[in-house]
There are 2 protein chains.
Amino acid sequence: MNGMSMNIGETARSSGVSAKMIRHYEEIGLIPKANRTDSGYRQYNGNDVHTLRFIRQARNLGFSIRQIEELLGLWRNQRRPSRKVKALALAHVEELDARIRELEAMKQTLQELAAHCHGDERPECPILDGLAAPGTVADPGAARRDVPRRLARAPKRASCH
Amino acid sequence: MNGMSMNIGETARSSGVSAKMIRHYEEIGLIPKANRTDSGYRQYNGNDVHTLRFIRQARNLGFSIRQIEELLGLWRNQRRPSRKVKALALAHVEELDARIRELEAMKQTLQELAAHCHGDERPECPILDGLAAPGTVADPGAARRDVPRRLARAPKRASCH
DNA sequence: ATCCGGGTTCCCATGATGGGAAGGTCAAGG
DNA sequence: CCTTGACCTTCCCATCATGGGAACCCGGAT
């Protein structure tokens with residue numbers, strides 16, 4: 001079953017990428033259009049599974065589809081300078097770091113507010129007061145944008161074969 | 001201009017919430033439907049601005065709209081137990097923490113891969129190798145979901161008056 | 001021939017947000 | 001009085017990666 005040609009379902013199972021996403025990746029041009037059987041079924045081989053695993057791992061590291069396009073290009077190019085790959089990776093580390101800092105700031109503020117709240121049956125609450133007061137919460141302002149979202153829903157593991 | 005009744009533009013400016021989002025919040029029922037002038041213009045007062053500031057600050061702390069609905073309910077209820085507010089806040093801290101841990105894990109993995117990459121003109125690259133190898137990247141798996149996304153685009157500061 | 005587990009396409013939803021078009025309103029100035 | 005420009009209105013579309021589901025077609029085993 002793994003030797004040569006398989007349908008999208010098995011490909012999904014052995015790559016860990018859902019069939020839905022495989023079709024999607026094809027549609028947006030991240031992977032080339034699959035060959036079809038006479039009846040229109042997409043056919044894949046071990047090579048395709050390899051590529052899809054690469055994509056999945058990159059997604060798990062938080063790379064966006066755009067970034068993965070670049071990574072795939074470098075991966076396939078035997079003459080790439082590893083410099084470029086490293087630059088891409090470190091740039092992404094920066095993005096992750098920016099997001100982490102932002103979340104840390106939120107957590108920090110929220111914990112400070114919560115620390116002053118009795119948390120009992122009385123209605124007085126510094127947390128609500130803080131939210132209502134202007135200027136309590138720092139404005140995440142700039143220095144953000146561009147970090148790929150993801151991580152919203154679990155990829156719903158395809159139980160990787 | 002601030003004394004009584006203002007249009008959506010000024011309300012946006014003084015609350016820091018864009019006119020677009022004010023309409024959106026009304027549509028999804030987060031805030032009540034605004035009164036209209038004869039010609040259909042929405043009218044707001046200082047109270048509404050206060051509420052919108054509350055919402056904006058909660059968003060800046062990463063609360064989702066759903067969570068803000070609850071916070072608003074507690075804020076308006078003079079007989080709330082502060083216990084409930086604190087519980088909400090601490091639950092959100094948990095979510096933030098889960099996200100932070102996830103991002104830290106990605107960063108960690110990526111840094112390890114990058115540390116072994118020469119980053120020169122040669123094509124050998126442990127980063128690409130790691131992405132291609134099965135099982136290099138931990139699967140964020142479960143323990144995620146539900147944390148509100150946001151932070152993707154900067155709220156495009158309404159230069160808060 | 002029938003059935004079931006595939007496959008296919010197509011449309012819709014998520015969450016919070018912005019962009020932009022087409023058209024109505026209002027106040028100030030000629 | 002009419003124009004101008006800033007403002008308002010609604011409506012539709014896009015983002016990003018992903019899943020859900022309908023309606024329909026295929027292929028192999030009974």
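The shown structure was predicted, so the numbers you read here are calculated from the model rather than taken from an experiment. Proteins come first, then strands; the chains are lettered A, B, ... in the order of their sequence lines, and each starts at number 1.
- Using cut-offs of 30° and 60° on the angle between ring planes, the pair B:Trp75 and B:His50 is perpendicular.
- Along DNA chain C, the nucleotide closest to B:Lys20 and the one closest to B:Ile28 are compared, and the more 5′ of them pairs with B:Ile28.
- In summary, the side chains of A:Ser5 and A:Asn45 do not present any donor paired with an acceptor at a separation below 3.5 Å, with no hydrogens or angles considered.
- Using modelled atom types and a 3.5 Å distance limit, the side chains of B:Asp120 and A:Ser82 yield a donor-acceptor pair.
- Between the side chains of B:Glu112 and B:Gln108, at least one donor N or O lies within less than 3.5 Å of an accepting N or O.
- In this structure a side-chain-to-backbone donor-acceptor pair under 3.5 Å is missing from A:Arg99 to B:Leu103.
- Distances from the side chain of B:Arg36 to the nucleotides C:dA16, D:dA17, D:dT10 place D:dT10 closest.
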Distances under 3.5 Å only, N/O to N/O: pair up the protein atoms with those of nucleotides 26-30 of chain D.
{"unit_1": "D:dC26", "atom_1": "O4'", "unit_2": "A:Tyr41", "atom_2": "OH", "d": "3.2"}
{"unit_1": "D:dC26", "atom_1": "O3'", "unit_2": "A:Ser39", "atom_2": "OG", "d": "3.4"}
{"unit_1": "D:dG27", "atom_1": "OP1", "unit_2": "A:Ser39", "atom_2": "OG", "d": "3.2"}

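- For the pair B:Phe63 CZ and C:dG15 C1', the computed distance is 17 Å after rounding to whole Å.
- Regarding A:Glu26, its CD atom lies at a distance of 17 Å from the P atom of D:dA17, rounded to whole Å.
- Note: CD (B:Glu27) to C1' (D:dC11) measures 10 Å, nearest angstrom.
- Put simply, CD1 on A:Ile55 is 12 Å from P on D:dA17, counting in whole angstrom units.
- At distances below 3.5 Å, at least one donor-acceptor pair connects side-chain atoms of B:Gln43 with backbone N or O atoms of B:Met6.
- Each of D:dT18, C:dG15, C:dT8 was ranked by its minimum atom distance to the side chain of B:Arg66; first place goes to C:dG15.
- At whole-Å resolution of the value, OH in B:Tyr25 and P in C:dT17 are 4 Å apart.
- In this structure, the CD1 atom of B:Ile65 is 19 Å from the P atom of C:dA13, given to the nearest Å.
- Nucleotides of DNA chain C nearest to B:His24 and A:Ile8 differ in position, and the one nearer the 5' end is that of A:Ile8.
- When the C1' atom of D:dC8 is taken as reference, atom CG of B:Asn7 falls 7 Å away, rounded to whole Å.
- Rounded to an integer number of Å, the gap from A:Leu30 CG to D:dC16 C1' is 14 Å.
- Checked against B:Tyr44 for a side chain to side chain contact (heavy atoms under 4.5 Å, CB included), the options B:Asn35, B:Ile8, B:Val49 give a single hit: B:Ile8.
- Contact annotation for B:Arg23: base contact, defined as any heavy-atom pair under 4.0 Å involving a base atom.
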